[in-house]
Amino acid sequence: IIIIVLGVLTWKSCHELDPFRPIESDAKPVRIQVVALQWKWLFIYPEHGIASVNYLVVPAGTPLRFAITSAGVMNSFFVPQLGSQIYAMSGMATRLYLQADKPGKYPGLSAQFSGAGFSDMRFVVEAVPPDQFATWLTSTQGTGEKLDISTYGKLGRPGLVAKPVTFGSVAPGVFESAIRNAIQ
């Protein structure tokens, strides 16, 4: 009987922690597409038409729905203070649900060795109040460079970025092309 009780408790608690399970909330999740590049992270906000490299701004208290892939070698997306770590693999997309309950800066990293620059493959998740997130979206849209196939090709070359970068617009299909490895 003890083994059955422990088995049921283990089964139930493991499924409650499933990273593929959506977070229950009245708020609509923010969709974010993530591409692991050598040795940087690309974040695309498909519903808002913007993108950033090594910097992720999110609304606090709102579920985040990630679609994650790798443009090259297998990598590992991990924000320790927010929850689960999950692998990014070339040719496929996986999903992950996270939520920052309160405003703050949360460090993210690659937890998978992927070459000489992997130890610098870090990013910051900045959780801000929802109204501040809306302001950031508006101020980012239409400013700076456009993320298109050509720009993505340059960004996809191995190397580090000196500071976070934002793109004020994103051409349709960049994430899907990354999954298909159509951009080299």
Side-chain angles (χ1 to χ4, degrees), residues 17-23 29-46 48 50-60 62-101 103-128 133 136 140 144-145 147 149 151-167 170 173-184:
L17 297 174
D18 183 0
F20 298 135
R21 188 172 148 218
I23 295 171
V30 173
R31 288 181 51 224
I32 302 167
Q33 298 168 329
V34 181
V35 182
L37 301 166
Q38 280 194 295
W39 297 291
K40 51 200 155 280
W41 292 98
L42 172 63
F43 302 103
I44 302 170
Y45 299 77
H48 305 287
I50 62 172
S52 62
V53 176
N54 289 349
Y55 181 62
L56 182 61
V57 178
V58 300
T62 303
L64 308 173
R65 185 176 127 199
F66 293 98
I68 303 168
T69 192
S70 176
V73 300
M74 185 167 79
N75 234 301
S76 177
F77 179 84
F78 190 28
V79 185
Q81 290 176 294
L82 298 185
S84 298
Q85 168 270 333
I86 200 146
Y87 284 96
M89 293 177 268
S90 182
M92 65 180 285
T94 191
R95 65 184 185 272
L96 175 66
Y97 291 89
L98 297 176
Q99 178 173 310
D101 291 327
K105 291 188 179 186
Y106 304 94
L109 61 117
S110 169
Q112 172 74 32
F113 180 78
S114 62
F118 107 95
S119 61
D120 293 315
M121 195 170 167
R122 297 179 180 276
F123 59 94
V124 172
V125 177
E126 184 170 1
V128 297
F133 177 69
W136 179 80
T140 303
E145 201 170 354
L147 180 62
I149 301 298
T151 307
Y152 175 82
K154 294 173 192 167
L155 188 61
R157 295 182 189 136
L160 302 172
V161 291
K163 61 181 181 169
V165 178
T166 57
F167 296 91
V170 178
V174 172
F175 183 74
E176 292 75 14
S177 294
I179 293 172
R180 291 190 311 271
N181 287 325
I183 305 171
Q184 298 294 330

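Residue numbers start at 1 and run along the sequence shown.
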Practice task
Grab the two heavy atoms, one from Asp101 and one from Gln99, that are nearest each other, plus how far apart they are.
Solution key: OD1-NE2, 2.9 Å
Handout entry: Within-4.5 Å side-chain heavy-atom neighbours: Phe175 and Val170
Key = no
Handout entry: Minimal non-hydrogen separation, Lys40 against Gly159, with atom names
Key = NZ-O, 2.6 Å
Practice task
Could you check if a side-chain atom of Val128 sits within less than 4.5 angstrom of a side-chain atom of Trp136, using non-hydrogen atoms only?
Solution key: no
Handout entry: Contact check, side chains of Ser177 and Ile149, non-hydrogen atoms, under 4.5 Å
Key = yes
Handout entry: Shortest non-hydrogen contact between Lys105 and Gln81, atoms and distance
Key = O-OE1, 4.1 Å
Practice task
Work out which heavy atom in Trp39 is nearest to a heavy atom in Met121; give both atom names and the distance.
Solution key: C-CG, 3.6 Å
Completion exercise
Only residue of Phe78, Phe66, Phe123 satisfying ring-ring contact (aromatic ring centres under 6.0 Å, His included) with Trp41 is Phe123
Practice task
Return yes if some donor-acceptor pair links the side-chain N/O of Ser52 with the main-chain N/O of Val165 below 3.5 Å, else return no.
Solution key: no
Problem - Donor-acceptor side-chain pairing of Asn75 and Ser70 below 3.5 angstrom - result: no
Exercise for the section: Please lay out, stage by stage, how Thr94 and Met89 fare under the test side-chain contact (heavy atoms from CB on, under 4.5 Å). Expected result: CA-CA 8 Å; Thr94 191; Met89 293 177 268; 5.9 Å; no
Handout entry: Ring centers of Phe167, Tyr152 separated by less than 6.0 Å
Key = no
Exercise for the section: Please examine the side chains of Leu56 and Leu64, heavy atoms only from C-beta on, and report whether any two atoms are closer than 4.5 Å. Expected result: no
Completion exercise
Heavy-atom closest pair (Leu98 atom, Gly83 atom, distance to 0.1 Å) is CD2-CA, 4.0 Å
Exercise for the section: Indicate the atoms forming the closest heavy-atom contact of Ala36 with Ala88, along with that distance. Expected result: CB-CB, 4.1 Å
Handout entry: Reported CG-to-CZ distance for the pair Leu160 and Arg122, which is rounded to 0.5 angstrom
Key = 11.5 Å
Practice task
For residues Leu147 and Leu42, determine if any side-chain heavy atom of one lies less than 4.5 Å from a side-chain heavy atom of the other.
Solution key: yes
Problem - Distance (rounded to the nearest 0.5 Å) between Ile32 CD1 and His48 NE2 - result: 8.5 Å
Handout entry: Pairwise side-chain contact, Val161 with Tyr55, heavy-atom cut-off 4.5 Å (strictly under)
Key = no
Exercise for the section: Could you tell me how the ring of Phe43 sits relative to the ring of Phe77: parallel (under 30°), tilted (30 to 60°) or perpendicular (over 60°)? Expected result: perpendicular
Fill in the blank from the handout: Only one of Ile68, Leu82, Val79 passes side chain to side chain contact (heavy atoms under 4.5 Å, CB included) with Leu96, and that residue is Ile68
Handout entry: Thr166 and Ile50, any side-chain heavy atoms less than 4.5 Å apart
Key = no
Exercise for the section: For residues Val30 and Pro59, determine if any side-chain heavy atom of one lies less than 4.5 Å from a side-chain heavy atom of the other. Expected result: yes
